[in-house]
Amino acid sequence: EGMVTKLTTKVDDVVKPTLYRESKTIKEAETWVKENTKVKYVDFKGIDVRTANAMNESLARHLELHPELVDKIKYFGTAQGQANLAYQLDLEESVQKFISIGYDRAKAEEFAKAVVKKYKSVSSQEIASYWSRADDACGIGINKNVGKSFDALEAQIRRDVASGFRPVGCDSLEATMDHEFGHALDDAFDIKTNPKFTQFINALSAEDKAAAVSGYGATKTDEFIAEAWSEYLYNPDPRPAAKLIGEIIEDSIKGVKQ
C-alpha cells in the first residue's frame, strides 16, 4: 500500500523501486530478473542494456506495487524471444498429444512440427506488447529491432508524445513499459468492465478519447486504459481520464470495493 502512495506522485520524483538495481550488461540484467523476481523466462538478447534496465525498473515498480502480477508476467524480454517460447510450448503440447495416442517421440515431433505454426512477434513499428496467454509465454516483450538502439527508441517516443499519439509526460521508455504493465493490471482486475470506467468512456466520442489520453489510446479500450495508467504515473498533474483509471487501479490493488 505504501508503494501505491508513492506512485501517485511524479515518477521522476519517486525513489527508485527498492528491488531494482541497474545492470551493466545484458547478462547481468537477465540475472537480476532471475534472482530477484519469480518471472520464469527472461530473454534480453539483442537489445541495448539501457533498454533492459528501463524494462527492469518498470518490472520492479509493478511487482512491488502488486506482487501477484507475476502470474501475468511469466515471460519478460524481447517479443521475438516470447514468440519463440510460445511456439516451443505449443510444439511440446502437440508432441505430448501424439505420444498419448501411441506414437514414439521422434514421430510425434515430426507430426507436431507439421501442424504447429510459428508466431509473428510484433509489427515492425510496434515497440512492445503484453501477451495474455494461459501458459508460460504470458508477459511482456519488446521489439528487439527497436530496442537495440536506446537513443533512437527514446527519440521515437518523444516524437510520439509531441504529436499527441502518446500521453502528456510519457516521453521515456519507462513510461512505455509502464503502459504494458497497465495492460497486465487491466487483465488482473478487468478494469474495462469497471462501472466507473464504463460510465466514463461510454460518454466519449473517438475524438474525445484522443483528447482525454492520446491518439493511440483512442484506438481500443484496453489501449485507453494502458495509456491512462502510464500518464497517471508520469504526468505530475494527470488529466481526468488518467486520474480516474489510476485511482480505480489503486483501489483494486488495495481491495477497495468498486
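If you read the sequence from its start, that first residue is 1, and numbering goes on from there.
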Does a side-chain N-to-carboxylate-O contact under 4.0 Å join D171 and R158? no
Under a 4.0 Å N-O cut-off, is there an ion pair linking D90 with K117? no
Checking the side chain of Q82 only, and the main-chain atoms of G139 only, is there a donor and an acceptor separated by less than 3.5 Å? yes
Once you round to the nearest 0.5 Å, how far does CD1 of I140 lie from OH of Y75? 11.5 Å
When you check the gap from the basic side-chain N to the acidic O, do E30 and K27 get nearer than 4.0 Å? no
Is there a continuous path of hydrophobic side-chain contacts, each under 4.5 Å between heavy atoms, that joins F150 to I127? yes
No-hydrogen, no-angle side-chain donor-acceptor test under 3.5 Å, E250 and Y232: yes
Looking at D190, is its backbone amide N or carbonyl O close enough to the side chain of T193 to form a donor-acceptor pair, meaning the two atoms are under 3.5 Å apart? yes
For this output row, return yes or no: ring centroids of H66 and F189 closer than 6.0 angstrom. yes
Does a donor on one side chain and an acceptor on the other come within less than 3.5 Å for Q80 and N143? yes
Does the distance from a Lys or Arg side-chain N to an Asp or Glu carboxylate O, for E92 and R105, drop under 4.0 Å? yes
Determine whether N36 and R21 make a side-chain contact, defined as any pair of heavy atoms from C-beta on separated by less than 4.5 Å. yes
Quick test of your reading: applying salt bridge (Lys or Arg N to Asp or Glu O under 4.0 Å), list the pairs with at least one residue in residues 68-80, sequence neighbours left out, ordered by first then second residue. K72-D187
Does the side-chain contact (heavy atoms from CB on, under 4.5 Å) test come out yes or no for T51 and F44, once each step is laid out? CA-CA 9 Å; T51 302; F44 288 144; over 6 Å; no
Output yes when E57 and R61 qualify as a salt bridge under the 4.0 Å nitrogen-oxygen rule, no when they do not. yes
Is a side-chain N or O of T37 found less than 3.5 angstrom from the main chain of V39, in a donor-acceptor match? yes
Please tell me whether L89 and V115 are part of a single hydrophobic cluster in this structure, the criterion being side-chain heavy atoms less than 4.5 Å apart. no
Please identify each residue that fulfils ring pair (Phe, Tyr, Trp, His ring centres under 6.0 Å) with Y119, with sequence neighbours left out. W131
Using a strict 4.0 Å threshold on nitrogen-to-oxygen distance, state whether D43 and K45 make a salt bridge. yes
Listed once per pair and sorted, the salt bridge (Lys or Arg N to Asp or Glu O under 4.0 Å) pairs that draw on residues 231-242, sequence neighbours left out: E231-R239
Is there side-chain contact between L19 and W32, with heavy atoms separated by less than 4.5 Å? yes
Determine yes or no for a side-chain-to-main-chain donor-acceptor pair under 3.5 angstrom, with E64 supplying the side chain and T18 the backbone. yes
Y216-M177 co-clustered via ILVMFWY side chain contacts under 4.5 Å: no
For residues K209 and I201, determine if any side-chain heavy atom of one lies less than 4.5 Å from a side-chain heavy atom of the other. yes
In terms of hydrophobic clustering (I, L, V, M, F, W, Y; side-chain heavy atoms under 4.5 Å; direct or indirect links), are F165 and V146 co-clustered? no
Test side-chain contact (heavy atoms from CB on, under 4.5 Å) on C138 and S132; report intermediate values, then the result. CA-CA 5 Å; C138 67; S132 177; 5.7 Å; no
hydrophobic_cluster_shared for L69 and Y41, side chain cutoff 4.5 Å: no
Using only heavy-atom distances, determine whether the side chains of E227 and S214 contain a donor-acceptor pair under 3.5 Å. yes
Measuring only between side-chain heavy atoms, which start at C-beta, is N53 closer than 4.5 Å to Y20? yes
Under a 4.5 Å cut-off applied to non-hydrogen side-chain atoms, are T176 and L153 in contact? no
Can you confirm whether D48 sits close enough to K148 that some side-chain heavy atom of one is under 4.5 Å from a side-chain heavy atom of the other? no
Centres of the H183 and H179 rings: under 6.0 Å? yes
F76 side chain reached by L59 side chain, heavy atoms, under 4.5 Å: yes
Using side-chain heavy atoms (C-beta onward) and a distance below 4.5 Å, is D151 in contact with R50? yes
Under a 3.5 Å threshold, yes or no: a donor from one side chain and an acceptor from the other, between Y234 and D178? yes
Examine distances only and state if a side-chain atom of S94 and a backbone atom of L91 form a donor-acceptor pair shorter than 3.5 Å. no
Given the options F197, F200, W229, I248 meets side chain to side chain contact (heavy atoms under 4.5 Å, CB included) only with F197
Can the ring centroids of F111 and Y103 be said to lie less than 6.0 angstrom from one another? yes
Return yes if a side-chain donor-acceptor contact under 3.5 Å exists between Y130 and E180, otherwise no. no
